[in-house]
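Below you'll find the structure, written out as structure tokens, and then a few comments.
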Amino acid sequence: MKRTGIFFKLKPGKKQEYIEAHHNIWPQVKEALDEAGICNYSIWNLGEMLFAYYEAEDEARMEQVLAGNEAYQKWRDFMEDFVYKEARTGTKEWPMEMVFYNKGKTEV
């Protein structure tokens with residue numbers, strides 16, 4: 001299972017709209033995430049900063065499924081109304097490196 005953390009930023013004044021969009025996420029997008037094998041997906045907010053976390057069993061398959069899913073691609077385009085995009089590079093997501101993980105106690 002690959003764990004992925006991503007940092008991104010909201011455009012000024014777009015926080016509430018972004019939250020509302022995710023409260024009303026399109027069912028086809030949720031289906032695409034499931035089909036892609038994404039689980040434990042969460043997005044966290046602090047001011048204009050966002051942090052997303054998800055797990056995927058097969059990242060190559062995940063990327064292939066999402067790249068070929070029209071609803072997911074339309075959602076990504078829609079999110080550009082809310083999310084900061086670096087003008088020079090077009091970057092809008094910065095993957096993070098995991099530096100600590102504690103699985104926790106498991107019962108035998």
Side-chain angles (χ1 to χ4, degrees):
M1 183 71 64
K2 179 157 190 306
R3 295 172 180 85
T4 301
I6 300 170
F7 168 78
F8 48 114
K9 284 175 40 173
L10 289 168
K11 291 178 180 175
K14 294 292 186 173
K15 177 180 175 178
Q16 195 55 44
E17 291 175 77
Y18 180 84
I19 291 170
E20 288 174 18
H22 281 82
H23 284 173
N24 298 299
I25 192 167
W26 308 335
Q28 304 91 325
V29 172
K30 290 178 88 173
E31 289 169 11
L33 297 173
D34 290 344
E35 182 184 343
I38 294 172
C39 59
N40 294 320
Y41 191 179
S42 57
I43 301 173
W44 303 77
N45 170 250
L46 177 62
E48 292 180 351
M49 297 182 297
L50 296 166
F51 170 74
Y53 171 85
Y54 66 86
E55 298 171 0
E57 196 69 42
D58 182 343
E59 195 160 355
R61 181 181 177 284
M62 175 197 78
E63 290 174 3
Q64 181 181 21
V65 168
L66 295 179
N69 186 286
E70 185 177 345
Y72 179 78
Q73 293 304 316
K74 286 182 180 180
W75 178 263
R76 300 265 308 166
D77 291 345
F78 175 53
M79 287 295 104
E80 288 193 10
D81 289 345
F82 311 108
V83 176
Y84 169 79
K85 187 175 183 179
E86 192 173 87
R88 187 175 51 82
T89 64
T91 303
K92 60 184 174 185
E93 297 175 345
W94 291 266
M96 301 174 78
E97 177 184 357
M98 182 172 32
V99 295
F100 175 78
Y101 172 71
N102 179 44
K103 183 176 182 180
K105 184 177 179 180
T106 58
E107 295 188 36
V108 180

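Values below: all heavy atoms of this structure, side chains included; hydrogens, waters and symmetry mates excluded.
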Side chain to side chain contact (heavy atoms under 4.5 Å, CB included), that's the test. Do E55 and T4 meet it? Break it down for me. CA-CA 6 Å; E55 298 171 0; T4 301; over 6 Å; no
Hydrophobic clustering (ILVMFWY, side-chain heavy atoms < 4.5 Å, transitive) - are I19 and I43 grouped together? no
Step through the shown structure and confirm whether more than 12 heavy atoms of other residues, nucleotides or ligands are within 6.0 Å of NZ on K30. no
In terms of heavy-atom contacts, does CD of Q64 have more than 12 from other residues, nucleotides or ligands at under 6.0 Å? no
Rounded distance (nearest 0.5 Å) linking atom CD1 of I6 with atom OH of Y54: 4.5 Å
If you measure from the Lys or Arg side-chain nitrogens to the Asp or Glu carboxylate oxygens, is any gap between K92 and E80 under 4.0 Å? yes
Separation of T91 OG1 from R88 CZ (nearest 0.5 Å): 8.0 Å
Verdict with reasoning, M96 to F51, per side chain to side chain contact (heavy atoms under 4.5 Å, CB included): CA-CA 9 Å; M96 301 174 78; F51 170 74; 3.5 Å; yes
Single-linkage hydrophobic cluster, 4.5 Å side-chain cutoff, Y101 and Y41 together: no
Could you pull out the closest heavy-atom pair between A71 and W26, with the gap in Å? O-CZ3, 3.7 Å
Going from CZ on F7 to CG on L50, what distance comes out if it is rounded to the nearest 0.5 angstrom? 8.0 Å
So, does D77 use its side chain to make a donor-acceptor pair with the main chain of M79 at under 3.5 Å? no
Do C39 and E57 touch side chain to side chain, with heavy atoms closer than 4.5 Å? no
So, does N45 use its side chain to make a donor-acceptor pair with the main chain of M49 at under 3.5 Å? yes
So, the side chain of Q73 versus the backbone of L66: is there a donor-acceptor pair under 3.5 Å, distance only? yes
Ionic contact status for K9 with E48, cut-off 4.0 Å: no
Go through the steps for E59 and E63 under the test side chain to side chain contact (heavy atoms under 4.5 Å, CB included), then give the verdict. CA-CA 6 Å; E59 195 160 355; E63 290 174 3; 3.6 Å; yes
Just verifying a value: how many Å separate K15 NZ and E17 CD, rounded to the nearest 0.5 Å? 13.5 Å
Say you draw a straight line from CG of D58 to CD1 of I38; how long is it, rounded to the nearest 0.5 Å? 11.5 Å
Candidate pair R76 and E93, rule salt bridge (Lys or Arg N to Asp or Glu O under 4.0 Å), full reasoning: CA-CA 12 Å; R76 300 265 308 166; E93 297 175 345; 2.6 Å; yes
So, the side chain of N24 versus the backbone of E20: is there a donor-acceptor pair under 3.5 Å, distance only? yes
Minimal non-hydrogen separation, A56 against M62, with atom names: CB-SD, 3.9 Å
Near-ring test F78/W75, centroid separation under 6.0 angstrom: yes
Angle between ring planes, F82 versus Y18, binned at 30° and 60°: parallel, tilted or perpendicular? perpendicular
Given K14 and Y84, is the side chain to side chain contact (heavy atoms under 4.5 Å, CB included) satisfied, shown in steps? CA-CA 10 Å; K14 294 292 186 173; Y84 169 79; over 6 Å; no
Within one Ile-Leu-Val-Met-Phe-Trp-Tyr cluster: Y72 and V83, side-chain cutoff 4.5 Å: yes
What's the spacing between M98 CE and R3 CZ if we round to 0.5 Å? 5.5 Å
